[in-house]
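Beneath this line is the structure, given in structure tokens, with notes to follow.
Lettering follows sequence order; numbering is per chain, from 1.
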There are 2 protein chains.
Amino acid sequence: MNVKYLNIYNEIISKIENDKFGTNAKLPSENQMIEEYNVSRDTIRKALNLLEQNGYIQKIQGKGSFVLDINKFNFPVSGLTSFKELTQKMNVECRTFLKELEKIPVDHFLKMQMDLLDDDEVWKVIRVREIGGKKIILDKDYFFTKYVPSLTKEICEDSIYQYLENQVGLKISFAKKEITVQQASDEDKKYLDFENCNIIVVVKNYIYLEDMNLFQYTESRHMPDKFKFESFARRK
Amino acid sequence: MNVKYLNIYNEIISKIENDKFGTNAKLPSENQMIEEYNVSRDTIRKALNLLEQNGYIQKIQGKGSFVLDINKFNFPVSGLTSFKELTQKMNVECRTFLKELEKIPVDHFLKMQMDLLDDDEVWKVIRVREIGGKKIILDKDYFFTKYVPSLTKEICEDSIYQYLENQVGLKISFAKKEITVQQASDEDKKYLDFENCNIIVVVKNYIYLEDMNLFQYTESRHMPDKFKFESFARRK
DNA sequence: AAGTGGTCTAGACCACGCG
DNA sequence: GCGTGGTCTAGACCACTTG
């Protein structure tokens, strides 16, 4: 890409991940970086602010910018990231099983969830995620057909997001997430490796495009003993 | 405060919350705001970027800035916010019961959780939160005595954060959060209104000061049927 | 006093949406 | 073509930390 501050941002991330900043983990000062990258101070500061927001560094006025301990603060699963992107980063062995793929009219349940009145059509995709040999997550995705005209078995088994962003050209922008704990349904028990517990962790995702239109609703249903949600937050 | 972009940020938030931007919910353009507030474009953009990050607005290049539906995206509980601040915003009836308050040496459990070796002392605070007449949350807080020299019953029953930031002058900066689901402990059953379930949702918080030192570890233990975690995320 | 990050300004050019 | 937001620059002054 042609955006300087994003290039610098990514470059610094990879330097942090490869431990290029020495033992005390102090970044060069902004003035040093201005010379190093040959850009203005504002461009450096944009990159540093992004790093700070995302938990990579901490800036302290009068002292400098410091790397936050990578093992403690990296890879929060709290963002808007696809399952494939997550597993690639975390380097775990996992498989995806496509259970259902069909085009259906919006029913009452979806009208409630997606807060709609009209008679749109959606793609319903049900997939099971297996990690370390155990079926742990049941993903139920619903995509508006008006944004996603076609969807195939191959795409669903690989990465739907990659397809939507690169092939279809959708601009996925933001999501509202919601985590609750519920009684497991018959569908959960049918698809997942339940033992003696009948509780399920439900992560609902309402996902919006850049034009603020809802295009996807997702329920990720997790086995409770394998569920872990991490995030990073800053005090306002 | 003397910071222009924060003043503008807060002013726009309150305008959004009071529905001052009309039906289509389009904000004035950046150029209009420059005149309205008599500041430079960069100052306006800082305020707007903050609003966008926190889910208040969506900017669309070539079109403008638009308010995100307040009912859908407001008040995410995912940040670094104290219980008192949350309940004040949400306008619910709740009570806090202080169960334990003592100064203890760091034990093995805390050494593991807080990743420490030395023999520091901590304040241990156990509080029960009652909402709508039901005891729903068990909060176990541990504060380093080196940062928090004194702590009283009155402070614990009001707002510890208010005391720490305003009286002690601590600069609370960021936190790592972790949500898991566990078997309920005897302590959970002793303090909370359990019925037939024996599962508890555990929200762990590791809270750091501006100088990157850990000063607090907190476990918020929630009844699963009352637990709901909401957050807002943007695609990178 | 020197160096660091924090805020603010004024101006330039670019990319996008719309009529 | 115009107005919108996105990026980049150069310079100023302030607040804070450290020696």
Open item on the list: Can you list, in residue-number order, the parts of residues 57-64 of chain A that come under 4.0 Å of DNA chain D, counting heavy atoms only?
Closed with: A:Q61, A:G62, A:K63
Open item on the list: Among residues at least two apart in sequence or on other chains, which ones pass salt bridge (Lys or Arg N to Asp or Glu O under 4.0 Å) with B:E219?
Closed with: B:R221
Open item on the list: Working to the nearest 0.5 angstrom, can you tell me the gap between A:L214 CG and A:F144 CZ?
Closed with: 5.5 Å
Task: A:S150 and A:Y163: side chain donor to acceptor below 3.5 Å - done: yes
Task: Those residues that, when tested against B:K124, pass salt bridge (Lys or Arg N to Asp or Glu O under 4.0 Å) (two or more places apart) - done: B:E100
Task: 5' priority, DNA chain C, between B:R41 and A:K171 [closest heavy atom] - done: B:R41
Task: A:D211 CG to D:dG5 C1', straight-line distance once rounded to whole Å - done: 16 Å
TODO: Hey, which sits more toward the 5' end of DNA chain C by its nearest nucleotide, B:K46 or A:E210?
DONE: B:K46
- [ ] Would you please say whether a donor-acceptor pair under 3.5 Å links the side chains of B:S173 and A:Q58?
- [x] yes
Task: Rounded interatomic separation in angstrom, taking CG from B:L48 and P from D:dT4 - done: 13 Å
TODO: List in chain and number order the residues that pass salt bridge (Lys or Arg N to Asp or Glu O under 4.0 Å) with B:E165, two or more places apart in sequence or in another chain; answer none if no residue qualifies.
DONE: A:R235
- [ ] Nearest whole angstrom, please: distance from the C1' of D:dC14 to the OH of B:Y5.
- [x] 14 Å
TODO: Scan side-chain atoms only and decide if B:Q216 and B:D141 contain a donor-acceptor pair under the 3.5 Å cut-off.
DONE: yes
Would you tabulate the side-chain donor-acceptor contacts of residues 32-39 of chain B under 3.5 Å, counting partners in other chains and residues two or more places apart, or write 'none'?
unit_1	atom_1	unit_2	atom_2	d
B:Q32	OE1	B:S29	N	2.8
B:Q32	OE1	B:S29	OG	3.4
B:E36	OE2	B:K15	NZ	3.1

TODO: Nearest-nucleotide wise, let me know which of B:P28 and A:D42 is further upstream toward the 5' end of DNA chain D.
DONE: B:P28
Task: Nucleotide range of DNA chain C lying under 4.0 Å from chain A heavy atoms - done: C:dG3 to C:dT7
